[in-house]
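One structure below.
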Amino acid sequence: MKFSSTLTGATVGALVAIAGLALMDYGTDGATAAADDPVTQADLKAANDRSIRAIKQGTSVWNMVGKYLADKDTLISLQTPRISQQAGTGGGGLPGSIIKDGAITATKLADASVTEAKLGNASVTTTKLGDASITEAKLSAALQAKLPRWVTKTDNGANATGRASSTDYAVVRVGPGNYRADFGDTDVTACSWTAVPSTDTGLPDSYEVRTALDVSDSTRVVVRTYDSTGAIVESGWQAQVFC
């Protein structure tokens, strides 16, 4: 961030000039002041003290903040003798040491202002995230689409679905060892999929699980289970699709 010393100096100089004119008004327009509200020496001193405090406060803030925002080796002086000169340190932003806890909130951040490119490696860790701080509702549709979808067959019921990553998913049993993993409204034509034997179903584990796209329904994956001899076997399984 580049600082224009001319523009900034002119701005501050204008403010100081306005304050000076106001003080001159008090001192030179004696007739008006005497007729309306006389100005005492104490009033002038108080006004002068307030002006000095304002300049000192502005100088303090400028010296503290300006040097972090200026590019390295940039002179960030203002065109007034009361403002000190400091060389920019080139931080490009404010250090955490001068930002109060909780000062930067979600409501103060513009959408997409925090990007992956701005985050250092491993800067966001699980210990820095509050409980349930990243929820499914907060994930973009694009990111949610990349999450694996899965459904598990756990018993021999006609359409037995033990567990699934969505309530829209189900197992359709065509016959012994012949099933369909139904992924609701998700077209899995362009996805990849896999299936493995499920080991907690109470059924004999299959030796092999074969999968294929259901040509009659693009939201389903055909799942068939076989024993070690290649014969059809009733078995539990879990199928996953990755899109």
Side-chain angles (χ1 to χ4, degrees), residues 1-135 137-140 143:
M1 178 177 180
K2 297 281 186 183
F3 280 75
S4 171
S5 59
T6 302
L7 177 61
T8 309
T11 303
V12 174
L15 293 174
V16 173
I18 291 171
L21 288 173
L23 292 177
M24 288 176 62
D25 244 0
Y26 275 122
T28 58
D29 193 1
T32 302
D36 298 328
D37 188 8
V39 177
T40 66
Q41 186 68 27
D43 291 332
L44 291 174
K45 183 178 184 306
N48 186 58
D49 289 344
R50 285 194 298 272
S51 177
I52 291 174
R53 284 197 300 271
I55 292 175
K56 286 183 176 180
Q57 289 171 353
T59 302
S60 176
V61 172
W62 178 258
N63 289 341
M64 179 178 66
V65 177
K67 65 180 180 180
Y68 293 112
L69 300 181
D71 291 332
K72 190 175 182 179
D73 299 327
T74 299
L75 194 64
I76 59 172
S77 63
L78 299 183
Q79 294 178 346
T80 167
R82 291 181 180 273
I83 304 297
S84 65
Q85 298 179 353
Q86 296 235 2
T89 58
L94 301 179
S97 59
I98 66 172
I99 300 175
K100 293 182 179 179
D101 290 342
I104 299 177
T105 62
T107 55
K108 294 179 181 179
L109 294 175
D111 291 342
S113 61
V114 179
T115 62
E116 184 178 353
K118 294 178 181 178
L119 297 174
N121 292 333
S123 61
V124 179
T125 63
T126 53
T127 55
K128 294 179 181 178
L129 297 174
D131 293 340
S133 59
I134 298 180
T135 62
K138 294 180 181 178
L139 296 176
S140 68
L143 182 57

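Keep in mind that this is a model prediction, so the values were computed, not measured. Along the sequence shown, residues carry numbers from 1. Both backbone and side-chain heavy atoms feed into the values below; hydrogens, waters and symmetry mates do not.
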Review point. Below 4.0 angstrom, N of the basic side chain to O of the carboxylate: do Asp49 and Arg53 qualify?
Key: no
Review point. When rounded to the nearest 0.5 angstrom, what distance separates CD1 in Ile55 from CZ in Arg50?
Key: 13.0 Å
Check your understanding: Looking only at side chains, do Asp43 and Thr40 share a donor and an acceptor under 3.5 Å apart?
Key -> yes
Practice item. Can you see which heavy atom on Ser113 is nearest to which on Ala110, and at what distance? Key: OG-O, 2.8 Å
Review point. Does the Lys56 side chain pair with the main chain of Ser51, one donor and one acceptor, at a distance under 3.5 Å?
Key: no
